[in-house]
Protein chains: 2
Amino acid sequence: MTPAPNASPDLPAVPDEELLRLDHQVCFSLHAASRAFGGFYRQALKDLGLTYPQYLVMLVLWEEGPRPVKAIGERLRLDSGTLSPLLKRLEAAGLVRRERSREDERSVVIELTGEGARLRESALSVPRGVLAATGLSVEEVLGLQEVLGRLTAALTEAADAR
Amino acid sequence: MTPAPNASPDLPAVPDEELLRLDHQVCFSLHAASRAFGGFYRQALKDLGLTYPQYLVMLVLWEEGPRPVKAIGERLRLDSGTLSPLLKRLEAAGLVRRERSREDERSVVIELTGEGARLRESALSVPRGVLAATGLSVEEVLGLQEVLGRLTAALTEAADAR
DNA sequence: CGCTATTGAGTTGTGCACAACTTAATGATG
DNA sequence: CATCATTAAGTTGTGCACAACTCAATAGCG
C-alpha cells in the first residue's frame, strides 16, 4: 500500500536554503495558530471550568453519548496516556462517570453525569463568540477545515509508513 | 483601538446547536493537524536530537543569529516560562551558549555554538521531506499559511481585548 | 539623587502530549 | 483446554504551554 511514488513532484528548483526558511514560516504559522486558538478557548471556557482538551472530550460525549475510552481516543486521536488522567479530572469535577463494561472488562465506559449533560447548555454560547473572534467567514472556516483534514491524513499516513 | 464593531456579520440564522457541531469539527481539525505536524517532525528530527519546539528555536537562531531570550520569545510567541528550561536543555546538549548581556544585565543572549551552527547542515534536508509528506502543493501551503496568519492575529487581538 | 514602576529572566505548579511500560482480560491456536 | 498473542486501560517519565510568582537590573520621575 501507499506506493509513495514521488520524490518531489511539484517542488522544482527551490534550493534547500529557501525551503528551510519557508519551513520556518509554515511550522510557525500552524504552531502559533493552534496555540492562539487554545489561548482564546482557555478564556472562553474558564467560566465552564474546562480546559480546551477537556472541552473536546465533552463535545464528543455530548454528541455521541456514552463511549469507551478507546472510542473517544480514536475520535480525538489521543491515547490512554493522555485520556486517563484527563478523564479522572473530569470525574473529580463531577462531569462524567467511569464504569467498567460488563461485556468486556478491559473496557471502561465514560458517560455524562446530570451535571455534565447540563453543562452543554452553558457551552452552546461559546462557539459563536469564537467564530466571530477568528475574523473568518464561514466559507473560509470550511475551506480551512478541509485543507487541515487532508494535511492531517497525509501526515499520519506518511508517519505510519515508516 | 480595535473598534470590534460586529456582533456576527456573516453568521445568519445558524442555530447554536449546529454551531456547536461545527465548532467540534474546526477545533478538532486544527488541534489534530498541529499534533500530526508535531508527530511527523518528531520522527524527522529524532536524528538531530531535537524536539519540534527546539527546532523552532534553532530556526530562529540559524536565521537571525545571536538573540536575547526576549527576542526569541517574541518571534515564536513563547514566554520565559517555556523558553528558559528549553534553552537550558539546548545548552546542556551543547548547541547554544547563554550569556548575560554586558549592556543590560537583565538580558541573556543566546548564541549558537560551533556544533549548533553545524547542525544546520543536517537540518537542511528536513523541510523537503515534510513538505512532500503534507501532500499539499506549494500554493496550498502558502494559502494555508496566509489564513492561519490572519487567524492567529485576529484571535490574539480578540484575546487581548478582554 | 532617591524612590518607585517596569522589565527580563527564571521558578513553581498544573495540565496536556506522547513514548515506553505494566496489568488484566480477551481471543486465537495447537 | 492450556498457552500465547492481542487488546484496553492505566502508570511513569520527559518535555512543552502557560499562569502566577520571585528577583535583580534598569528606567522614569519627583
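Below, chain A is the first sequence line, B the second, and so on; all start at residue 1.
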- Task: Mind checking side-chain hydrogen bond (donor to acceptor under 3.5 Å, both in side chains) for A/Y55 and listing every partner two or more places apart, or none if nothing turns up?
- Result: B/D23
- All side-chain hydrogen bond (donor to acceptor under 3.5 Å, both in side chains) counterparts of A/D104, not counting sequence neighbours: A/R106
- Query: Which comes earlier along DNA chain D counting from the 5' end, the contact point of B/L86 or that of A/V108, where each point is its nearest nucleotide?
  - Reply: A/V108
- Assign each of A/K46 and A/V109 to its nearest nucleotide of DNA chain D by heavy atoms, then name whichever residue's nucleotide is nearer the 5' end. A/V109
What does [X] touch in the nucleic acid at a heavy-atom separation under 4.0 angstrom: a base, only the sugar-phosphate, or nothing?
X	result
A/E74	nothing
A/T82	base
A/L83	nothing
A/K88	sugar-phosphate

Side chains of residues 116-123 of chain B: which donor-acceptor pairs under 3.5 Å do they make with residues two or more places apart or in other chains?
residue, atom, partner, partner atom, Å
B/R120, NH1, A/E17, OE1, 3.1
B/R120, NH1, A/E17, OE2, 3.4
B/R120, NH2, A/E17, OE1, 2.8

Among [options], which is the nearest nucleotide to the side chain of [X]?
X	options	value
A/R106	D/dT6, C/dA9, D/dA25	D/dT6
A/S84	D/dG10, D/dT6, D/dA17	D/dG10
A/R100	D/dA9, C/dC18, D/dA17	D/dA9
B/S80	D/dG10, C/dG10, D/dT26	C/dG10
B/R42	D/dA25, C/dA19, D/dA9	C/dA19

- Query: Counting N and O atoms only, with roles assigned by atom type, does the side chain of A/R128 sit under 3.5 Å from a partner on the main chain of A/V126, one being a donor and the other an acceptor?
  - Reply: no
- Taking only heavy atoms on the protein side, list every residue of residues 50-71 of chain A lying under 4.0 Å from any atom of DNA chain D, sorted numerically. A/P68, A/V69, A/K70
- Task: Please check the phosphate of D/dT7 (OP1 and OP2 only) for any side-chain N or O of A/S107 closer than 4.0 Å.
- Result: no
- Please state how far atom CG in A/D79 lies from atom P in D/dT12, giving the value in whole angstrom units. 16 Å
- Contacts of A/S125 meeting side chain to side chain contact (heavy atoms under 4.5 Å, CB included) (sequence neighbours excluded), chain-then-number -> none
- Message: Using the side chain to side chain contact (heavy atoms under 4.5 Å, CB included) criterion, which residues pair with B/E111? Sequence neighbours excluded.
- Response: B/P66, B/R97, B/E99
- Task: Assign each of A/L78 and A/E105 to its nearest nucleotide of DNA chain C by heavy atoms, then name whichever residue's nucleotide is nearer the 5' end.
- Result: A/L78
- Message: Within this structure, what is the OG1-CZ distance for the pair B/T82 and B/R77, rounded to the nearest 0.5 Å?
- Response: 14.0 Å
